[in-house]
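Read the structure below first, then the notes.
In this text, all values refer to a predicted model and were calculated from it rather than measured experimentally. In listed order, ligands and their atoms are each counted from 1.
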Amino acid sequence: MNGILRTERLRLEPLMSHHVPAYLAYQIRNRAYLRPWEPDRTDEYYTPESIAHEVARTELDDTCRRFAIFEREGETILGIINLWNIRRGVDQSAGLGYAIDEHHQGRGFATEACRGIIAFAFGELNLHRLQTSYQPHNKASAAVLRKVGFEIIGYAREQLLIDGAWRDGVLVALINSNWKAS
Ligand SMILES: CC(C)(COP(=O)(O)OP(=O)(O)OC[C@H]1O[C@@H](n2cnc3c(N)ncnc32)[C@H](O)[C@@H]1OP(=O)(O)O)[C@@H](O)C(=O)NCCC(=O)NCCS
């Protein structure tokens, strides 16, 4: 399949309509686990129709590249990683987001997937900058971003409405020192 990214242990597949059943299962499995970290979702989100709609919308969105994470030979979705708000022109930047299945935490998968998508973003997409944020108590995400080279650039008070309250965010960025003017 086109557009697949491979790392030492992982396969990152662009999320497409044939992933809908596996993606729905991943979301249902991780519903409670991801509640403190992801947008608030109602029961209606966890249906084939809603997930299919999300996937179709993502496929059509040039400003977003979303990947399902698998082990090299695996068929179960272990996580999701995406570039969002891809901006060209004077920005040449994107946001980075990711999550790993509750039952596969602490195996280095997020770090490895981030390295894969950074190589793609700075190589094939030739972006100049990635940025994201994490809640101050999200030690695992802070560790992942530190390991792959992000630096702290600021602090946003009451940045995102998550799990029913406005949450602060530590802002981080990574610059592509090999960026090439085309
Ligand atoms: C953040 C997340 C993606 C990390 O996934 P993962 O595959 O477990 O990450 P990795 O194994 O690559 O690395 C995790 C690092 O965090 C560290 N860590 C985990 N929990 C920690 C804690 N409570 N305190 C300090 N460090 C912690 C681990 O030790 C590891 O660092 P190390 O390799 O230096 O030891 C995962 O926890 C997750 O899905 N969380 C919910 C969604 C989320 O937070 N997404 C990001 C939003 S910004």
Acceptor/donor pairs from residues 156-166 side chains to any protein atom, 3.5 angstrom cut, sequence neighbours excluded:
unit_1 : atom_1 : unit_2 : atom_2 : d
Q159   : OE1    : S133   : OG     : 3.1
Q159   : NE2    : S133   : OG     : 3.3

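Residue-level contacts of ligand 1 at the 4.0 Å heavy-atom threshold are Y33, L34, W37, Y98, A99, I100, Q105, G106, R107, G108, F109, A110, T111, S133, Y134, N138, K139, A140, S141, A143, V144, K147.
Grouping Ile, Leu, Val, Met, Phe, Trp and Tyr residues whose side-chain heavy atoms lie under 4.5 Å apart, directly or via other members, places L171 in a hydrophobic cluster with I153.
For residues 92-113, the salt bridge (charged side-chain N to carboxylate O under 4.0 Å, His left out) pairs, not counting sequence neighbours, are R9-E112, R29-D101, E71-R107.
We find that E59 and R57 are not joined by a salt bridge, their nearest charged nitrogen and carboxylate oxygen being 4.0 Å or further apart.
Between the side chain of N82 and the backbone N or O of R65, no donor-acceptor pair lies under 3.5 Å.
Under the 30°/60° scheme for interplanar angles, the aromatic rings of F120 and F67 are found to stand perpendicular.
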